[in-house]
Protein chains: 2
Amino acid sequence: MGTVSKALSLLTHFNHGRLEIGLSDLTRLSGLNKATVYRLMGELQEQGFVEQIEAARSYRLGPQVLRLAALREASVPILSASRRVLRELSEVTGETTHLSLLQGDQLASLSHAYAPQHATKVMMEDAEVLTFHGTASGLAVLGFAEAGFVEAVLARPLEARTPQTQTDPEVVRAQITEVQRAGIAQSVGGFEAEVHSHAVPIFGPDRAVLGALAVAAPSSRMSAAQRRAIPQALHAAGLALTQRIGGVCPPDFPTVPAA
Amino acid sequence: MGTVSKALSLLTHFNHGRLEIGLSDLTRLSGLNKATVYRLMGELQEQGFVEQIEAARSYRLGPQVLRLAALREASVPILSASRRVLRELSEVTGETTHLSLLQGDQLASLSHAYAPQHATKVMMEDAEVLTFHGTASGLAVLGFAEAGFVEAVLARPLEARTPQTQTDPEVVRAQITEVQRAGIAQSVGGFEAEVHSHAVPIFGPDRAVLGALAVAAPSSRMSAAQRRAIPQALHAAGLALTQRIGGVCPPDFPTVPAA
DNA sequence: ACCAATGGTTCAAATAATGAACCAATCGGG
DNA sequence: CCCGATTGGTTCATTATTTGAACCATTGGT
């Protein structure tokens with residue numbers, strides 16, 4: 001791994017539960033030498049990618065990433081395109097919806113919308129990293145990703161976030177086959193207990209899968225009517241979003257929502 | 001300059017006018033060796049910071065920056081805090097408003113709001129890099145930045161974006177002194193012709209200047225009434241935003257809007 | 001058919017990254 | 001109030017990576 005990759009991989013350790021990281025923690029998390037981490041963080045800081053909090057001397061992400069994100073949106077306005085789709089999908093389904101995007105070998109939830117109807121709803125945070133095997137979004141992506149990518153994901157140990165999480169690669173493989181047939185993925189409590197999620201893949205201009213659009217509902221509200229309504233609305237919303245960003249579905253993507 | 005800094009500095013060449021850059025262009029822009037740029041971009045691509053467009057083989061910013069930006073906002077929610085302030089300021093002044101943030105040695109406009117009142121308005125793009133000497137925002141920042149920073153900025157050649165741009169360092173220095181006295185900066189046509197801008201600095205928890213809040217109006221609409229109303233509204237909005245993000249004004253910041 | 005430009009690749013030479021050990025300061029018990 | 005443990009930060013000889021001139025294959029324009 002090159003020096004640049006090492007530096008950038010340090011940034012992957014930031015997440016919602018760890019917005020600030022000290023030098024020692026980062027050294028442990030990365031497995032790199034302390035002096036190396038120190039110097040790399042110094043360079044990241046010079047370029048504005050991280051900044052150091054005076055008091056604790058711990059690091060947090062810097063302002064430079066805001067500019068880059070704004071330019072990324074100018075290049076590929078997928079987040080702004082998603083907002084309307086998410087809002088409408090939340091209204092129609094009465095549940096929380098979110099968009100997750102593939103970032104290398106990670107899947108991160110980056111935009112969401114809540115439904116006004118219910119007092120209880122599934123809460124979301126942007127930039128949360130999702131597991132592939134334990135979320136509907138992850139399965140939707142795997143169903144239409146390259147075979148090599150799927151193998152790489154399943155070769156890693158599959159973490160169990162809840163007692164319901166499927167951690168057997170063979171079971172996950174069967175789920176993926178079902179996703180390919182139906183064009184839609186499901187997960188019941190695989191990431192958060194009591195959450196029933198549906199998801200469909202989103203495709204780019206080169207027919208490659210970019211991420212997934214998902215509806216997350218409390219299991220208790222999953223009536224027979226919802227089980228029919230959500231896949232239908234989700235399928236349509238997925239096609240709409242893919243189209244809005246100039247994407248094209250691959251030939252093997254089902255054109256009608258299957259049961 | 002370390003390898004990491006070189007790689008990250010490649011990203012600074014992306015902007016609204018150059019959302020995609022080919023290998024040769026990037027080599028020229030950066031002044032680095034072609035093989036170096038090629039390898040560095042390869043590493044940036046591996047980490048999802050850039051991606052390559054299949055057809056043209058040129059590079060654009062990658063999806064990874066979106067995740068980092070979302071986390072930065074979770075750490076320091078300055079953009080979300082600014083939106084309400086900008087909206088209200090646009091309503092009160094009837095003109096376009098925007099927030100720019102300091103990113104190392106660059107000042108980038110990152111959030112804006114339009115007023116509904118007028119058919120003609122100053123248009124803004126997020127992530128545009130502003131000059132320090134030719135914009136009200138830049139002058140507002142310089143007025144309350146460290147002396148060393150001001151010297152570094154004025155030591156560089158001052159580009160003239162319009163015939164009205166002040167490029168004499170001594171004149172700019174005098175403008176900065178005036179900004180310190182009044183607590184508000186002005187620029188008439190220094191960045192775009194026919195645009196009259198006012199700006200106030202925004203401060204962080206450590207009393208350091210983070211960026212500037214600005215009102216940009218067509219020169220033709222700058223009546224005597226507006227010349228009084230804008231500084232007053234802007235001063236109040238700046239204090240409000242500084243406060244909302246937990247910032248503190250330095251002791252030498254004027255507490256009342258001066259003429 | 002040509003020339004100039006593009007993206008991509010090679011390999012010896014030059015340079016930068018590395019990591020074990022060390023320092024000073026701080027923290028939290030007992 | 002002292003002690004051990006932990007923190008951020010620094011050093012420098014060794015090591016491994018980066019570098020860049022030159023080269024190749026394609027593409028596009030004239």
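In what follows, chains carry the letters A, B, and so on, assigned in the order in which the sequence lines appear, proteins first and then strands, with residues in each chain numbered from 1.
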Within-4.5 Å side-chain heavy-atom neighbours: R18(A) and L29(A):
yes
Within this structure, what is the CZ-CD1 distance for the pair R83(A) and I78(A), rounded to the nearest 0.5 Å?
11.5 Å
Are the side chains of P251(B) and R207(B) in contact, using a 4.5 Å heavy-atom criterion?
yes
Give a yes or no on whether the backbone of S80(A) and the side-chain of E73(A) come within a donor-acceptor separation of less than 3.5 Å.
yes
For residues 18-31 of chain B, which residues have at least one heavy atom under 4.0 Å from DNA chain D?
none
Given 3.5 Å as the limit, does a donor-acceptor pair link the side chain of H16(B) with the main chain of V129(B), or not?
no
For E192(A), give me all partners under salt bridge (Lys or Arg N to Asp or Glu O under 4.0 Å), at least two apart in sequence or on another chain.
R161(A)
Which residues pass the salt bridge (Lys or Arg N to Asp or Glu O under 4.0 Å) test with D105(B), sequence neighbours left out?
R156(B)
Per the under-4.0 Å heavy-atom filter, residues of residues 44-53 of chain B near DNA chain D come out as none
Among residues two or more places apart or on two chains, list those pairs meeting side chain to side chain donor-acceptor pair (under 3.5 Å) that have a residue in residues 38-47 of chain B.
S5(A)-E43(B)
With sequence neighbours left out, write down each residue that passes side-chain contact (heavy atoms from CB on, under 4.5 Å) with A214(B), or none if nothing qualifies.
H98(B), S137(B), A199(B)
Between T242(B) and V248(B), is there a donor-acceptor pair closer than 3.5 Å when you use the side chain of the first and the backbone of the second?
no
Would you list the atom pairs, donor with acceptor, under 3.5 Å between side chains in residues 56-64 of chain A and any protein atom, with sequence neighbours excluded?
unit_1: R60(A); atom_1: NE; unit_2: E51(A); atom_2: OE2; d: 2.8
unit_1: R60(A); atom_1: NH2; unit_2: E51(A); atom_2: OE2; d: 3.0

Walk along DNA chain C from 5' to 3' and tell me the first and last nucleotide with an atom closer than 4.0 Å to a non-hydrogen atom of chain B.
dT6(C) to dA17(C)
Ring pair (Phe, Tyr, Trp, His ring centres under 6.0 Å) contacts in which one or both residues fall within residues 129-164 of chain B, not counting sequence neighbours:
F132(B)-F149(B), F144(B)-F203(B), F144(B)-F253(B)
For nucleotides 25-30 of chain D, read 5' to 3', which letter fits each nucleotide if B means a protein heavy atom sits under 4.0 Å from the base, S means only the sugar-phosphate is that close, and - means neither?
------
5' to 3', nucleotides 14-21 of chain D under a 4.0 Å protein heavy-atom cut-off (B base, S sugar-phosphate only, - none) gives ---SSBBB
Any side-chain to backbone donor/acceptor pair from T162(A) onto G189(A)? Under 3.5 Å, distance only.
yes
Side-chain heavy-atom pair L10(B), M41(B) within 4.5 angstrom cut-off:
yes
Is there a side-chain contact between L110(B) and L79(B) (heavy atoms, below 4.5 Å)?
yes
Quick one: does any side-chain atom of T12(A) pair with a main-chain N or O of L8(A) as donor and acceptor, under 3.5 Å?
no
Bend of the helix from dA1(C)-dT30(D) to dG30(C)-dC1(D) from end-axis comparison, five pairs per end, nearest 10°, comes to 50°
Could you report the tightest heavy-atom contact between L158(A) and V153(A), atom names first, then the distance?
CD2-O, 3.9 Å
